[in-house]
Amino acid sequence: MASPVFAEVWKLVRTIPRGRVATYGQLSQMIGRRLTPVGIGWAIRASEGLPWHRVINARGGISTDNDHPGLQRALLEAEGVRFDRDGLVDLETYRWKGPRGATRGA
DNA sequence: TGGTTGACGACAT
DNA sequence: CATGTCGCCAACC
């Protein structure tokens, strides 16, 4: 693979529980800021078979609508993630806290 | 080899 | 509150 950081991103994305979401900036910080949010996008885009639909922007909105119109939202809704009228996810509710954040009850 | 763009984010205006 | 600019890492031309 191109870079170990990519693998980290992939592993991290794979760790996101079903019905939960993470932001690009969040993942960027999780890997120690070794990759910028844009880099996260690159890593995910260059991967296959990942739950990429669980990765959204800092506003809780979809940033992949250009590549897959409506797909990401549909996939998330299929997992029980609700969108408001602005098409945004309530990060306070669905934001994934990380691999160790699971220690706390929902 | 160098410059620009991008599945983004935060701050300044 | 909306728009503009810079930062960041990797890919593309």
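Given the structure is predicted, the values throughout are model-derived calculations rather than measurements.
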Check: With a 4.5 Å limit on heavy-atom distance, are the side chains of A:Arg45 and A:Asp67 in contact?
Finding: yes
Next item on the list: Name all residues meeting the side chain to side chain contact (heavy atoms under 4.5 Å, CB included) criterion together with A:Pro51; count only those two or more places apart in sequence or in a different chain, and write none if there are none.
Entry: A:Val13, A:Arg14, A:His53, A:Arg54
Next item on the list: Please round to the nearest 0.5 Å and tell me the distance separating atom OG1 of A:Thr93 and atom CZ of A:Arg20.
Entry: 9.0 Å
Checklist line | Distance, P atom - from C:dC1 to B:dC8, rounded to whole angstrom | finding: 23 Å
Polar-atom pairs under 3.5 Å, protein N or O versus N or O of nucleotides 11-13 of chain B: list them with distances, or write none.
none

Notebook entry, point to check: If two hydrophobic side chains count as joined below 4.5 Å and joins carry through other members, does A:Ile40 share a cluster with A:Met30?
Noted result: yes
Next item on the list: Please state the P separation for the pair C:dG4 and B:dT5 - nearest whole angstrom.
Entry: 16 Å
Note to self: Measuring only between side-chain heavy atoms, which start at C-beta, is A:Val21 closer than 4.5 Å to A:Ile16?
What the structure shows: no
Item checked: Strand contacts (DNA chain B) in residues 85-95 of chain A, 4.0 angstrom heavy-atom criterion -> none
Margin query: Quick check on contacts: within residues 24-47 of chain A, what sits under 4.0 Å from DNA chain B by heavy-atom distance?
Written below: A:Tyr24, A:Gly25, A:Pro37, A:Val38, A:Gly41, A:Trp42, A:Ile44, A:Arg45
Margin query: Using a heavy-atom cut-off of 4.0 Å across all strands, would you classify A:Asp67 as base, sugar-phosphate, or nothing?
Written below: nothing
Next item on the list: Please collect all ring pair (Phe, Tyr, Trp, His ring centres under 6.0 Å) contacts where either partner lies in residues 72-93 of chain A, sequence neighbours excluded, each pair once.
Entry: none
Next item on the list: Using atom types as modelled and distance alone, determine if a side-chain donor or acceptor of A:Asp84 lies under 3.5 Å from a backbone N or O of A:Val89.
Entry: no
Next item on the list: Would you kindly give the CZ-to-P distance between A:Arg59 and C:dC1, to the nearest whole Å?
Entry: 14 Å
Margin query: Please check this pair: side chain of A:Gln26 against backbone of A:Trp96, looking for a donor-acceptor N/O pair closer than 3.5 Å.
Written below: yes
Next item on the list: Could you grab the distance from atom CD of A:Glu48 to atom CH2 of A:Trp10, nearest 0.5 Å is fine?
Entry: 9.0 Å
Item checked: Pairs involving residues 57-78 of chain A, ordered by first then second residue, that meet ring pair (Phe, Tyr, Trp, His ring centres under 6.0 Å) (sequence neighbours left out) -> A:Trp52-A:His68
Checklist line | Value in whole Å for how far the C1' atom of B:dC8 lies from CH2 of A:Trp52 | finding: 16 Å
Next item on the list: Using atom types as modelled and distance alone, determine if a side-chain donor or acceptor of A:Gln72 lies under 3.5 Å from a backbone N or O of A:Val55.
Entry: yes
